[in-house]
Engineer: 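After the structure tokens below, expect a handful of questions from me.
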Amino acid sequence: GQWIKLPDTLQSWCETQGNCETWPQMDGVKTICMDKIHKYVISGYCLIYSFGLSDDWSFEEVITNLGCKVRSFDPTIEGPPVGFDWPKYLSFQKIGISNQTEEVEMSDLPGHIKYKLNSLKNIVNQMNDTGRSITVLKLDVEGYEFRVLPEIIDSKIVDLLDQIVLEVHSDGAQERGLEDIKLFLQVIYNLKHEFGFSIVNYDPNFTMGRFSRQYYPNFDITLLRQQ
């Protein structure tokens, strides 16, 4: 129930690399509402579901050291980088998230490997967290957010979520058309007007850039339940 002081090395690192609160020039930026995190931590209950890590486990490490239990998932890796200091309340499963149970090949990864994916509802059941509130759902899933968000509404698991932090990949390899974007915007509208979420943060991915476009196709948003 107490805040754990972060190492001085982490404070020094973010002071030299950029703003410690948002780190806007770095890929993988995640902005969350710390007021709500603090409330959950001091109550002794803070549960994070994080999808998509690759070789950057900094978000999961920091949020675990603040006092949260973090469940992390990524179908494309075996675990954290070599030398990672594994926090006690951080777990990892080699599985990804989609709107259904499936095995798929990732077009942006080499080889013809099939990766296991499942819905959030099924994964929560497998982790024995059925009915438990999820403090933060983090999604960095390379376009699968377009499948995942409608499913979490249809399955009613959205009722258990307090914050949703996701990177939107709006034009990955020309895979998403106008109908995909329209559906995504409708989902965001429904999250706001039916479930009480508001967009409290928007960060374009400056690291990935515009790809010669007039807009940033990759961006992070934070949705916070207000009621």
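Note that the structure is a prediction, hence the values are computed from the model and not measured.
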Engineer: Does N99 reach the side chain of P150, with side-chain heavy atoms less than 4.5 Å apart?
Structural biologist: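 They are not in contact (no side-chain heavy atoms under 4.5 Å apart), so the answer is no.
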
Engineer: If we ignore hydrogens and angles and just use 3.5 Å, is the side chain of K94 paired with the main-chain N or O of P75 as donor and acceptor?
Structural biologist: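 Flag set: sc K94 to bb P75 pair under 3.5 Å.
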
Engineer: Would you say the side chains of T76 and D74 form a donor-acceptor pair under 3.5 Å?
Structural biologist: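 A donor-acceptor contact under 3.5 Å links the two side chains.
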
Engineer: Is the closest side-chain heavy-atom distance between T222 and C33 below 4.5 Å?
Structural biologist: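 Counting from C-beta outward, T222 and C33 never come under 4.5 Å.
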
Engineer: For K116 and E103, which heavy atoms make the closest approach, and how far apart are they?
Structural biologist: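 Closest pair (atom of K116, atom of E103, distance): CE-OE2, 3.6 Å.
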
Engineer: Roughly how far, to the nearest 0.5 Å, is the OG atom of S119 from the CG atom of N125?
Structural biologist: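 Between N125 CG and S119 OG, I get 8.0 Å after rounding to 0.5 Å.
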
Engineer: Please confirm whether the backbone N or O of L149 pairs with a side-chain atom of E151, one donor and one acceptor, at under 3.5 Å?
Structural biologist: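 Side chain of E151 to backbone of L149: no pair is present.
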
Engineer: Go through it in stages, so that I can follow the logic: the residues are I63 and V136, the test is side-chain contact (heavy atoms from CB on, under 4.5 Å), and I'd like the CA-CA distance, side-chain angles, deciding distance and then a yes or no.
Structural biologist: CA-CA 10 Å; I63 205 71; V136 177; over 6 Å; no

Engineer: Give the minimum heavy-atom separation between I97 and L117, together with the two atoms involved.
Structural biologist: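 Of all heavy-atom pairs spanning I97 and L117, the closest is N-CD2, 4.1 Å.
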
Engineer: Could you tell me the separation between the CG atom of N128 and the CZ atom of R132, rounded to the nearest 0.5 Å?
Structural biologist: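 Separation between the atoms: 9.5 Å.
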
Engineer: At what distance, to the nearest 0.5 angstrom, does CZ of F219 lie from CG of L166?
Structural biologist: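 F219 atom CZ to L166 atom CG measures 8.0 Å (nearest 0.5 Å).
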
Engineer: Taking the side chain as every heavy atom from C-beta outward, state whether F195 and D159 have any pair of such atoms under 4.5 Å apart.
Structural biologist: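 Yes, close enough: below the 4.5 Å cut-off.
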
Engineer: Start with the C-alpha gap between D129 and L160, add the side-chain angles, then the distance that decides, and say whether side-chain contact (heavy atoms from CB on, under 4.5 Å) holds.
Structural biologist: CA-CA 11 Å; D129 287 328; L160 302 176; over 6 Å; no

Engineer: In the single-linkage hydrophobic clustering (I, L, V, M, F, W, Y; side-chain heavy atoms under 4.5 Å), do Y89 and I42 co-cluster?
Structural biologist: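 Each belongs to a different hydrophobic cluster.
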
Engineer: State yes or no: do I164 and L185 share one hydrophobic cluster built from I, L, V, M, F, W and Y residues joined by side-chain heavy-atom distances below 4.5 Å, directly or via other members?
Structural biologist: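 Yes, I164 and L185 fall within the same hydrophobic cluster.
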
Engineer: For a 4.5 angstrom cut-off between non-hydrogen side-chain atoms, does F197 reach R225?
Structural biologist: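 Sidechains of R225 and F197: in contact.
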
Engineer: CG of L224 to OG1 of T31: how many Å apart, nearest 0.5 Å?
Structural biologist: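 Interatomic distance, L224 CG to T31 OG1, rounded to 0.5 Å: 12.5 Å.
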
Engineer: Verify whether one side chain among E60 and S50 offers a donor that lies under 3.5 Å from an acceptor in the other.
Structural biologist: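 Yes, a side-chain donor-acceptor pair sits under 3.5 Å.
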
Engineer: Treat each ILVMFWY residue as a node, draw an edge where side-chain heavy atoms are under 4.5 Å apart, and state whether I152 and I188 are in one component.
Structural biologist: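 In one cluster with I152: I188, yes.
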
Engineer: Please answer: with hydrophobic residues joined when any side-chain heavy atoms are less than 4.5 Å apart, are Y115 and I95 in the same cluster?
Structural biologist: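 Both belong to a single hydrophobic cluster.
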
Engineer: Under 30°, 30 to 60°, or over 60°: which ring-plane class applies to F92 and W57, parallel, tilted or perpendicular?
Structural biologist: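 Ring orientation, 0 to 90° scale: tilted.
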
Engineer: Can you tell if the side chain of Q163 reaches within under 4.5 Å of the side chain of V200, non-hydrogen atoms only?
Structural biologist: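 They are not in contact (no side-chain heavy atoms under 4.5 Å apart), so the answer is no.
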
Engineer: Using modelled atom types and a 3.5 Å cut-off, is there a donor and acceptor pairing between side-chain atoms of K114 and backbone atoms of E102?
Structural biologist: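 Checking the backbone N and O of E102 against the side chain of K114, no donor-acceptor pair under 3.5 Å is found.
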
Engineer: By the definition side-chain hydrogen bond (donor to acceptor under 3.5 Å, both in side chains), identify the one residue from N201, D220, D203 that meets it with K30.
Structural biologist: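 Of N201, D220, D203, side-chain hydrogen bond (donor to acceptor under 3.5 Å, both in side chains) with K30 is met by D220 alone.
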
Engineer: Below 4.5 Å, heavy atoms only, C-beta onward: do T135 and I37 meet side chain to side chain?
Structural biologist: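 Yes, side chains in contact.
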
Engineer: Calculate, to the nearest 0.5 Å, the distance between atoms CG and CG belonging to N218 and D140 respectively.
Structural biologist: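 Rounded to the nearest 0.5 Å, the CG-CG separation comes out at 9.0 Å.
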
Engineer: Counting N and O atoms only, with roles assigned by atom type, does the side chain of T101 sit under 3.5 Å from a partner on the main chain of N118, one being a donor and the other an acceptor?
Structural biologist: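 Checked: no pair found.
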
Engineer: I'd like to check L120 versus F51 (side-chain heavy atoms, cut-off strictly below 4.5 Å). Are they in contact?
Structural biologist: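 SC-SC contact between L120 and F51 confirmed.
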
Engineer: Using the ring of each side chain (for Trp, its six-membered ring), is F73 parallel, tilted or perpendicular to Y49, with breaks at 30° and 60°?
Structural biologist: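 The rings of F73 and Y49 lie parallel, inter-plane angle below 30°.
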
Engineer: For the pair Y144 (side chain) and G96 (backbone), establish whether a donor and an acceptor sit closer than 3.5 Å, ignoring hydrogens and angles.
Structural biologist: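 Between the backbone of G96 and the side chain of Y144 there is no qualifying donor-acceptor contact (under 3.5 Å).
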
Engineer: Between F84 and W86, what is the ring plane arrangement, given parallel below 30°, perpendicular above 60°, and tilted in between?
Structural biologist: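 F84 vs W86 ring planes: perpendicular.
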
Engineer: Between R71 and L47, is there a donor-acceptor pair closer than 3.5 Å when you use the side chain of the first and the backbone of the second?
Structural biologist: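 No.
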
Engineer: Quick one, Q126 and Q93 - any side-chain contact, counting heavy atoms below 4.5 Å?
Structural biologist: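 No, their side chains stay 4.5 Å or more apart.
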
Engineer: Mind checking the OG-CG spacing from S72 to L53? Nearest 0.5 Å is all I need.
Structural biologist: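 Here the interatomic distance stands at 5.0 Å.
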
Engineer: Can you check side-chain hydrogen bond (donor to acceptor under 3.5 Å, both in side chains) on N190 and Q186, steps first, answer last?
Structural biologist: CA-CA 6 Å; N190 292 345; Q186 183 62 54; 2.9 Å; yes

Engineer: Apply the test side-chain contact (heavy atoms from CB on, under 4.5 Å) to residues M34 and L66: give CA-CA distance (whole Å), side-chain angles for both, the deciding distance (0.1 Å), then the verdict.
Structural biologist: CA-CA 10 Å; M34 295 305 297; L66 288 177; 3.5 Å; yes

